[in-house]
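Remarks on the structure that follows.
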Protein chains: 2
Amino acid sequence: MNLRQLSEKLGLSQTTVSRALNGYPEVKEETRRKVIEAAARYNYHPDTRAQSLATGRAKAIGHVIPHSTKHEMVNVVFADFIAGAGETYAANGYELIMSMVSDEDEAKAYRTLAQKRSVDGVIVHGPTLNDPRIALLQEIGLPFVVHGRSSEVPHEYSWLDVNNTRALERATEFLIDLGHRRIALINGLESMDFALRRRRGYLNALETAGIAADPKLMSSAEMTEPYGYTMAQKMLDGQNPPTAFIASSIVIAMGVRRAIEERGLTLGKDISIICFDDAISYFPNGDGEPIFTATRSSVREAGRRAAEILLDQINDPTRKSRHELWEAELVVGRSTGPAPTTTPAQSPPQAAAGAPAPRT
Amino acid sequence: MNLRQLSEKLGLSQTTVSRALNGYPEVKEETRRKVIEAAARYNYHPDTRAQSLATGRAKAIGHVIPHSTKHEMVNVVFADFIAGAGETYAANGYELIMSMVSDEDEAKAYRTLAQKRSVDGVIVHGPTLNDPRIALLQEIGLPFVVHGRSSEVPHEYSWLDVNNTRALERATEFLIDLGHRRIALINGLESMDFALRRRRGYLNALETAGIAADPKLMSSAEMTEPYGYTMAQKMLDGQNPPTAFIASSIVIAMGVRRAIEERGLTLGKDISIICFDDAISYFPNGDGEPIFTATRSSVREAGRRAAEILLDQINDPTRKSRHELWEAELVVGRSTGPAPTTTPAQSPPQAAAGAPAPRT
DNA sequence: AATCATTTCCAAAGCGCTTTGAATTTTTAC
DNA sequence: GTAAAAATTCAAAGCGCTTTGGAAATGATT
């Protein structure tokens, strides 16, 4: 059933049927009612391709996912982000087109996508420091929104990010307030902008507290469970081990916990962990009570919102670029506690100012 | 730059340029060379929509992801599967269209997708027992491949599945051979076909060994870490606790381990775990040596292959439906060991026949 | 050199929709 | 009752591509 057939069935011209369906005012209400009713009865939906061709709008958003050929990693948070964005698209009649592309082909992929006109805009995932994709997309003239930010990019562009620096400052301060002085950071890949900002937040807080940063307590790599485990193992077994860990993701935190418990140490007593929790749907941080004390920000919600911003921008290209900086929430679980007192320390406050009190 | 402009630039007709680009024989080799070279220089790529409209083929595959409104879960393995499928699509010039849809709208989503003609076929994810989507898609006439299978469906259809029953038989036998008699199964949602089959395998092996199944040692729910933790906790603290757990996913297994270690028990000595490992990229089962003894099958590889089957089917609709049943590999890690001997038992064999010997 | 077969190229139709500009019908104003 | 205005409807063009049917150019055969 296509438009012609439908219009013949109704004894109307294609023009009128099209207008009735698309809500144009110049069609009698009764006619419109009949048309809509018939369309529903015959399950008529306009052919997307024909519609796009005629309107010049693809009604689709692209997500280019680079998959490194070296390590077969997919961006950890990508599934939930996409799920959120997908909800927005569905609600607005847009389709979501995903391109898997090996990372060296990424620039070409954007060019091709634009030239094939299969999308009206794209979401940029996982920005790095001074990410070249931003200049590229601006040159091409393809609307985009960045999930995250890219430091040192000279242009204006729209982004939605969580305040990674502040989140890690708070996490670090929280541990410092609990009396910890040897605090390790198991970070994500520091070619990623978010990881750089997290490290900065961590270093800021240490500096403010007058604690010297120890390179031996900082690491950076792809965020997997075994990575967390291996790093924690190494640090715990080294001399002058940390009393607390900050993990850049909940997956890393699980690995750190494994190393801790394997050593017969008690989490939240001998060693503390605090992590950045992206609130990934199948990795909930506990049912009710959080397993890990964490700075939390829903990546799914970010997906929903980033998609909205992009659609707004597509619908009104004159609009200035928009920025949204979300503060992560600090949730206190059972993975943190006062630093073990080898030398009797001043009684540390139990929670950071403004944070909810721990349940224990 | 569109076809008309390119052909003008070359002083050729659109027909010839189109044919040259699409590899038709009736064009001089030298002409073809010139055309291809010009296309590359001007970064010309045919407009997808126009191309689809003209050919009647969307050159796109749909993945409909139902997201329950109750629990905001995205299929756990979906990201890696999609990544694999996406590679196949990219290699064959297909696009991947994802639809997030609330599960009650799923049937309508398929109808709409077909009517809008935006895809040439779909992959069906997470089939349940007698999944209604299969009959629906057959009625609509939209080509599809199921990732997994649906028991009790009367029709023929293409699928790619891992032998879940056999995998769990082997896992269970492995534990039985190690002397375990109290073996718990922490399964996924048993409305899912794969979970049913896994339970069947588990029960088969118990029955063969003459061990009575204990409902208290079997559970079924959405596969999350806290679920594994909670169930293991309950079972370990109950009377007559299990000496071994079978987890239906590595995420569950992590929760089980947490409960075990929290109780000061040693994994692989006091309690064993074996899990089904989908080889998810950011959840590698250890670097080198596996953390968990597991039955393993790469879901990413499954994605690649399922996509191939679907594309074959689209390219040749007369082709009969295809089935591929993959055997999971049994990898032995450190999470399993002989059952603790409360009553001195006969020395159990260390590994199942045919399985690689454990490293320890 | 004329004829036929082959190779190479092209004009135009068509895919299913939107949208422009015009035609038709209905309503309003006098 | 008629002219002007407003409300409806429509025919046709166009979006950028593929493909059919045919024309032009080239090569082979006599």
Side-chain angles (χ1 to χ4, degrees), chain A residues 1-36 38-39 42-60 93-95 112-120 315, chain B residues 1-36 38-39 42-60 93-95 112-120 315:
Chain A
M1 173 71 56
N2 60 22
L3 184 61
R4 189 173 49 72
Q5 294 166 321
L6 183 64
S7 62
E8 277 166 8
K9 216 138 214 155
L10 281 159
L12 288 169
S13 74
Q14 298 189 33
T15 309
T16 306
V17 175
S18 170
R19 298 206 132 137
L21 256 23
N22 291 324
Y24 281 69
E26 57 271 71
V27 46
K28 214 197 308 188
E29 265 323 308
E30 193 201 331
T31 312
R32 187 193 305 280
R33 199 183 42 67
K34 274 190 211 153
V35 169
I36 289 177
Y42 297 113
N43 186 37
Y44 169 76
H45 294 272
D47 184 311
T48 329
R49 293 120 8 121
Q51 202 168 31
S52 300
L53 189 56
T55 59
R57 331 189 70 222
K59 285 297 217 107
Y94 275 73
E95 276 166 354
T112 307
L113 218 48
Q115 170 65 33
K116 292 168 85 175
R117 305 223 265 171
S118 32
V119 300
D120 295 325
N315 289 328
Chain B
M1 171 72 56
N2 60 21
L3 184 61
R4 189 174 49 72
Q5 293 166 322
L6 182 64
S7 62
E8 278 166 7
K9 215 136 215 158
L10 281 159
L12 288 169
S13 75
Q14 298 189 32
T15 310
T16 305
V17 176
S18 171
R19 298 206 133 139
L21 256 23
N22 291 323
Y24 281 71
E26 55 272 72
V27 46
K28 214 196 309 188
E29 266 322 308
E30 193 201 331
T31 313
R32 187 193 306 281
R33 199 184 41 69
K34 272 190 213 151
V35 169
I36 289 177
Y42 298 112
N43 186 36
Y44 169 78
H45 293 273
D47 183 312
T48 329
R49 292 124 3 127
Q51 202 168 31
S52 300
L53 189 56
T55 58
R57 332 191 68 223
K59 285 299 215 100
Y94 275 73
E95 276 166 355
T112 307
L113 217 49
Q115 170 64 34
K116 292 169 84 174
R117 305 223 266 170
S118 31
V119 300
D120 294 325
N315 290 327

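Within every chain, numbering begins at 1; the chains are lettered A, B, ... in the order of the sequence lines, protein sequences first and strands thereafter. If you're wondering where the values come from, they're calculated on a predicted model, not measured in any experiment.
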Requested in this report: Using salt bridge (charged side-chain N to carboxylate O under 4.0 Å, His left out) as the criterion, list what pairs up with B/Arg57, not counting sequence neighbours.
Outcome: none
Report task. Just jot down the salt bridge (charged side-chain N to carboxylate O under 4.0 Å, His left out) partners of B/Lys34, sequence neighbours excluded, or say none. Result -> B/Glu30
When we call it a touch if two heavy atoms are under 4.0 Å apart, what does [X] touch: a base, just sugar-phosphate, or nothing?
{"X": "A/Ser52", "answer": "nothing"}
{"X": "A/Glu26", "answer": "base"}
{"X": "A/Thr15", "answer": "base"}

Report summary line: To the nearest angstrom, the CG-P distance between B/Leu10 and C/dC10 comes to 10 Å
Requested in this report: Could you check how far CG of A/Leu3 sits from P of C/dT19, rounded to whole Å?
Outcome: 12 Å
Look only at the side chain of [X] and the backbone of [Y], and say whether a donor-acceptor pair between them is shorter than 3.5 Å.
{"X": "B/Thr55", "Y": "B/Gln51", "result": "yes"}
{"X": "B/Ser18", "Y": "B/Gln14", "result": "no"}
{"X": "A/Ser52", "Y": "A/Thr48", "result": "yes"}
{"X": "A/Gln115", "Y": "B/His45", "result": "yes"}
{"X": "B/Asn2", "Y": "B/Arg4", "result": "yes"}

Could you list, one pair per line, each protein nitrogen or oxygen that sits under 3.5 Å from a nitrogen or oxygen of nucleotides 22-26 of chain C, together with the distance?
none

Query raised in the report: Are the charged groups of B/Glu29 and B/Arg33 less than 4.0 angstrom apart, N to O?
Result: no
Report summary line: Heavy-atom closest pair (B/Ser118 atom, B/Ala60 atom, distance to 0.1 Å) is O-CB, 3.6 Å
**Report entry** Closest-nucleotide ordering on DNA chain C, the 5'-leading residue of B/Gly11 and A/Gln14
**Finding:** B/Gly11
Query raised in the report: With nearest nucleotides of DNA chain C determined for B/Leu53 and B/Glu29 from heavy-atom distances, which residue corresponds to the more 5′ nucleotide?
Result: B/Glu29
Query raised in the report: Do the side-chain N and O atoms of B/Thr16 and B/Ser13 include a donor-acceptor pair separated by under 3.5 angstrom?
Result: yes
Requested in this report: Check whether any side-chain N or O of B/Ser13 sits under 4.0 Å from OP1 or OP2 of C/dC10, and answer yes or no.
Outcome: yes
Query - Pairs flagged by salt bridge (Lys or Arg N to Asp or Glu O under 4.0 Å) wherever residues 44-55 of chain B is involved - sequence neighbours left out - result: A/Arg117-B/Asp47, B/Asp47-B/Arg49
Requested in this report: Take the C1' atoms of the five end pairs on each side of the helix from C/dA1-D/dT30 to C/dC30-D/dG1, derive the two axes, and give their angle rounded to 10 degrees.
Outcome: 50°
Query raised in the report: What are the bounds, 5' to 3', of the part of DNA chain D that sits under 4.0 Å from heavy atoms of chain A?
Result: D/dT8 to D/dG16
